[in-house]
Amino acid sequence: MTGSDQSVGPVAERVRALLAAGSGRLPHPGGGETAQRWRALARVSRTDVVVGRLVEAHADADAILAELGGSPVRDDEWWGVWAAEPPSPRLEATQTPTGWELDGAKAWCSGAGMCTHALVTAHTGEERGLYAVSLAHPGVGVDHSTWRAPGMGRSGTGTVSFDHVPAQRVGSGADYLERAGFWHGGAGVAACWLGGAEAVTDTLRRAAESRPLDAHAMAHLGAVDATLAGARWTLDGAAAEVDADPLDVTAARVRALRVRAVVEAAATLVVDRVGRALGAAPLCLDGDHAAAVADVAIYVRQSHAERDLASLAALLTPDPATSRTVTS
């Protein structure tokens, strides 16, 4: 392990404590309690968005394994989901007489050096599959040295190398990506964004409770409160739709893109308005607030911004071949 940041230690302790208390075993999406799942993720992220991001990944792995028939997550395990596919590096999966092995490297792995297990995507020729792997194997290495940003710096995000590491195949790339649950998970990430935005807003709320604020700052507080309420209602409404029809893949994709767009916009507005209301002081003098702002700014960039909006619009555009809208 190289380039490890010692600040991840307290984060790891908090995540382990939460997982031990059951926070990683949330109701699975589509089972009738999706709103409770997303509210729990928002609550954890409001206390620390980095912790929430890591708990969300563990809960997502638990849901994925249940949906695809993998071995269930055990109480003493901490899982990551490492599925980013940049042009390089590349992780390869090879079937040997004794089972599957992973070789190569995987970038953008949050919880690297902290998680005990991970779900990872890897290539076999042109095909991509999803694999479950124990990270205790000596062939696993972690490099945190490429992460330069203060935002999400405590998440242990880095590049993980694999050298003949045994793995269990959970499913194909299509099994992972072409299911409604993939999109339900994407909406769950937005719940964490919401919790992070609420953490940023809490600084402004505390300021309003401790001293009189001018009219401009109060207007900012009103604006962020209304915006966050809209984002919460969006998540609750989306959760009800998931529970009503959890298997419609197209509807799930449209819903997740809408939810992520709404919550991303809310988080962006919150960071801007709280900064304008309070000025530089809390960003310079309040370490928790400065960390929350930096973490949220990085985390919401998991959104693909205009690309996601264009994808949403394409799903809503009438198909020229049929003159029918794909969905609404």
Side-chain angles (χ1 to χ4, degrees), residues 3-15 18 41-56 108 110-111 144-158 189-232 235 260-306:
S4 180
D5 184 347
Q6 296 303 313
S7 67
V8 304
V11 168
E13 292 174 4
R14 293 188 62 188
V15 173
L18 287 167
L41 291 174
R43 284 196 300 272
V44 173
S45 299
R46 188 172 186 168
T47 63
D48 188 327
V49 70
V50 172
V51 171
R53 186 261 177 275
L54 296 170
V55 170
E56 183 278 327
W108 300 102
S110 292
H144 291 122
S145 64
T146 57
W147 191 268
R148 305 299 186 189
M152 301 301 289
R154 297 171 297 125
S155 67
T157 301
V189 170
C192 296
W193 297 346
L194 173 62
E198 289 175 329
V200 173
T201 301
D202 285 340
T203 303
L204 180 54
R205 291 198 178 102
R206 289 191 294 268
E209 293 167 357
S210 65
R211 66 182 188 276
L213 298 181
D214 64 27
H216 297 294
M218 292 299 287
H220 287 306
L221 178 57
V224 299
D225 178 78
T227 298
L228 291 174
R232 284 192 296 271
L235 279 161
R260 287 165 68 94
V262 168
V263 179
E264 179 194 355
T268 301
L269 180 143
V270 163
V271 169
D272 180 54
R273 282 190 175 268
V274 171
R276 288 159 59 189
L278 297 177
L283 290 170
C284 299
L285 305 178
D286 183 338
D288 290 340
H289 176 75
V293 170
D295 292 338
V296 169
I298 293 289
Y299 196 11
V300 297
R301 292 278 48 84
Q302 278 197 355
S303 159
H304 299 106
E306 281 69 23

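Only this structure's heavy atoms are used, side chains among them; waters, hydrogens and symmetry mates stay out.
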Inset, instruction - List the steps and the verdict of side-chain contact (heavy atoms from CB on, under 4.5 Å) for M152 and T157. - result: CA-CA 8 Å; M152 301 301 289; T157 301; 5.6 Å; no

Legend entry - Criterion side-chain contact (heavy atoms from CB on, under 4.5 Å) on L54 and R14, from CA distance to verdict: CA-CA 10 Å; L54 296 170; R14 293 188 62 188; over 6 Å; no

Inset, instruction - Check the pair H289, V274 against side-chain contact (heavy atoms from CB on, under 4.5 Å), reporting the backbone distance first and the verdict last. - result: CA-CA 11 Å; H289 176 75; V274 171; 3.8 Å; yes

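Note that CD of Q302 and SG of C192 are 9.0 Å apart. Values are rounded to the nearest 0.5 Å. Interatomic distance, CH2 of W193 versus OG1 of T268, reported as 9.0 Å (0.5 Å rounding). Taking CD from E306 and OG from S303, the interatomic distance works out to 8.0 Å, rounded to the nearest 0.5 Å. For the atom pair D288 CG and T47 OG1, the distance stands at 11.0 Å (nearest 0.5 Å). Put simply, CG on D286 and CG on L278 are 10.0 Å apart, with the number rounded to the nearest 0.5 Å. With values rounded to the nearest 0.5 angstrom, D225 atom CG is found 8.5 Å from T201 atom OG1.
The shortest side-chain heavy-atom distance between V44 and E56 does not fall under the 4.5 Å cut-off. Looking at Y299 and V50, their side chains never come closer than 4.5 Å, going by heavy atoms from C-beta outward.
Of all heavy-atom pairs between A266 and A231, the closest is CB-CB, 4.1 Å. Of all heavy-atom pairs spanning H220 and L204, the tightest one is C-CD2, 4.3 Å. Shown here for V11 and R154, the closest heavy-atom pair between the two residues is CG2-NH1, 3.5 Å. The two atoms that bring A208 and L221 nearest to each other are CB-CD2, 3.8 Å, heavy atoms only. For the pair H144 and G156, the tightest heavy-atom approach, listed with the atom from each and the gap, is NE2-O, 3.1 Å. Nearest heavy atoms, A290 versus L283: CB-O, 3.3 Å.
Between the side chains of R53 and S155, no donor-acceptor pair of N or O atoms lies under 3.5 Å.
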